[in-house]
Amino acid sequence: GVVPAEEHSQIRRLSMACPALPTCGLSITESERVLPGMIDQLETELDRLGLADERFTIRMTGCPNACARPYPADIGLVGKAVGKYTVLVGGRMRGDRLNFIYKDMVPLENIVDELLPLLAYYKRERKPDESLGDFCDRKSVDELKQFDEASTAPANAAEGT
């Protein structure tokens, strides 16, 4: 009944989570028990965006101790408060470049939605054969945040009226 690795999506094969709650006494929030559901959501969105075959790492930990190695991942998710995570981007699969903080204190249920504008931007603006981490590193945290603010501005304006 075990599904062979080649039958899983790229993102699922390259994802990793620490045990976190309830196993680890250092954990602040969930990791291992919630990452599969998040990957389910991401697989759907990546397929919709035409990025289902892209290779990038996503690593999730329940605390900053980083047992699943989120800091060199293309996308790192680090538990910061109960149910909230720091989202890091820009690492490299080879592990020779650390990522940087993209968003902080993101509720678990909003992580995929917060990544969607970035993934769409990546699809539109990437160079040939450029990985997600390389793209984020090239664009820099300031440019990514400017893009994110611009892409969510109409939604924010509508909420304020």
Side-chain angles (χ1 to χ4, degrees), residues 3 5-20 27-80 84-152:
V3 178
E6 54 276 354
E7 292 182 24
H8 287 290
S9 68
Q10 288 284 357
I11 190 170
R12 192 171 300 273
R13 267 189 268 164
L14 297 172
S15 68
M16 185 185 306
C18 73
S27 187
I28 300 165
T29 193
E30 292 282 358
S31 180
E32 183 180 55
R33 296 190 296 186
V34 298
L35 184 60
M38 185 182 305
I39 296 295
D40 291 343
Q41 292 174 350
L42 272 172
E43 285 171 333
T44 300
E45 295 301 332
L46 290 170
D47 190 47
R48 186 181 60 77
L49 288 168
L51 295 172
D53 294 328
E54 292 300 313
R55 290 177 47 89
F56 60 88
T57 53
I58 184 165
R59 306 287 169 81
M60 184 176 209
T61 62
C63 78
N65 287 334
C67 293
R69 302 186 310 271
Y71 301 117
D74 292 286
I75 299 173
L77 305 167
V78 178
K80 186 160 184 182
K84 295 187 179 177
Y85 298 81
T86 300
V87 178
L88 303 111
V89 298
R92 190 173 3 224
M93 199 178 304
R94 288 183 281 183
D96 60 350
R97 181 182 61 230
L98 297 178
N99 49 29
F100 51 83
I101 296 174
Y102 176 59
K103 297 198 175 212
D104 200 18
M105 297 296 282
V106 177
L108 173 65
E109 60 274 6
N110 296 354
I111 291 173
V112 173
D113 290 338
E114 293 291 339
L115 289 172
L116 289 179
L118 173 66
L119 293 169
Y121 187 37
Y122 165 65
K123 180 181 179 178
R124 192 176 71 234
E125 300 286 330
R126 68 183 171 168
K127 293 180 178 180
D129 298 320
E130 185 174 39
S131 72
L132 177 63
D134 290 345
F135 171 80
C136 292
D137 183 63
R138 175 173 62 86
K139 290 294 187 179
S140 82
V141 67
D142 293 331
E143 189 171 336
L144 293 177
K145 286 184 179 184
Q146 285 176 349
F147 169 79
D148 184 65
E149 288 171 11
S151 69
T152 58

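Any value given below was found using the heavy atoms of this structure, including those in side chains, with hydrogens, waters and symmetry copies removed.
- With rounding to the nearest 0.5 Å, the separation of CZ in R59 from CG in L35 is 10.5 Å.
- Of all heavy-atom pairs between V87 and V106, the closest is CG2-CG2, 4.0 Å.
- Of the residues listed (F147, F135, F56), the one engaging Y122 in a ring-ring contact (aromatic ring centres under 6.0 Å, His included) is F135, and it is the only one.
- Here the rule is side chain to side chain contact (heavy atoms under 4.5 Å, CB included) with R55, and of L14, L132, D74 only L14 fits it.
- More than 12 heavy atoms of other shown residues, nucleotides or ligands fall within 6.0 angstrom of atom CZ in R13.
- R12 has a carboxylate O that lies under 4.0 Å from a charged side-chain N of D40, or vice versa, which qualifies the two as a salt bridge.
- Rounding to the nearest 0.5 Å gives a distance of 8.5 Å between OG1 of T57 and CG of N99.
- The pair D134-K127 does not count as a salt bridge, with every side-chain nitrogen at least 4.0 angstrom from each carboxylate oxygen.
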- Task: Assess whether side chain to side chain contact (heavy atoms under 4.5 Å, CB included) is satisfied between V141 and Y102, documenting all intermediate values.
- Result: CA-CA 7 Å; V141 67; Y102 176 59; 5.6 Å; no
Would you be so kind as to tabulate the donor-acceptor pairs closer than 3.5 Å made by side chains of residues 111-121, with sequence neighbours excluded?
from : atom 1 : to   : atom 2 : distance (Å)
E114 : OE1    : K103 : NZ     : 2.4
Y121 : OH     : E143 : OE2    : 3.0

Is there a side chain to side chain contact (heavy atoms under 4.5 Å, CB included) between V3 and H8? Walk through the geometry before answering. CA-CA 8 Å; V3 178; H8 287 290; 3.6 Å; yes
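- Taking CD of E109 as the start and CD of Q41 as the end, the distance is 10.0 Å to the nearest 0.5 Å.
- Residues T29 and K84 fail the side-chain proximity criterion, which asks for heavy atoms closer than 4.5 Å.
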Checklist line | Verdict with supporting geometry, I58 and L42, side chain to side chain contact (heavy atoms under 4.5 Å, CB included) | finding: CA-CA 11 Å; I58 184 165; L42 272 172; 3.8 Å; yes
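- Of the possible polar contacts, none joining the D47 side chain to the A52 backbone as a donor-acceptor pair under 3.5 Å is found.
- If you take CZ on R92 and CG on D137, they are separated by 7.0 Å, rounding to the nearest 0.5 Å.
- Between M60 and I39, every side-chain heavy-atom pair lies at or beyond the 4.5 Å cut-off.
- For the pair G91 and R97, the tightest heavy-atom approach, listed with the atom from each and the gap, is O-NH2, 3.2 Å.
- Closest of all the heavy-atom pairs between L144 and F100 is CD1-CZ, 3.8 Å.
- Considering every non-hydrogen atom in both G62 and C18, the closest pair reads N-SG, 3.3 Å.
- Closest of all the heavy-atom pairs between P64 and G79 is CD-O, 3.7 Å.
- K80 NZ to I28 CD1: the interatomic distance, rounded to the nearest 0.5 Å, is 9.5 Å.
- Heavy atoms of other residues, nucleotides or ligands lying less than 6.0 angstrom from CG of D96 number more than 12.
- Taking every heavy atom of both residues into account, K123 and L49 meet most closely at NZ-O, 2.6 Å.
- Side-chain N or O atoms of T61 include none that pairs as donor or acceptor with a backbone N or O of C67 at under 3.5 Å.
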- request: Evaluate side chain to side chain contact (heavy atoms under 4.5 Å, CB included) for M38 paired with L77, printing each intermediate quantity in order.
  value: CA-CA 11 Å; M38 185 182 305; L77 305 167; 3.5 Å; yes
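- Of the inter-residue distances, the one linking N110 atom CG with Y85 atom OH reads 12.0 Å to the nearest 0.5 angstrom.
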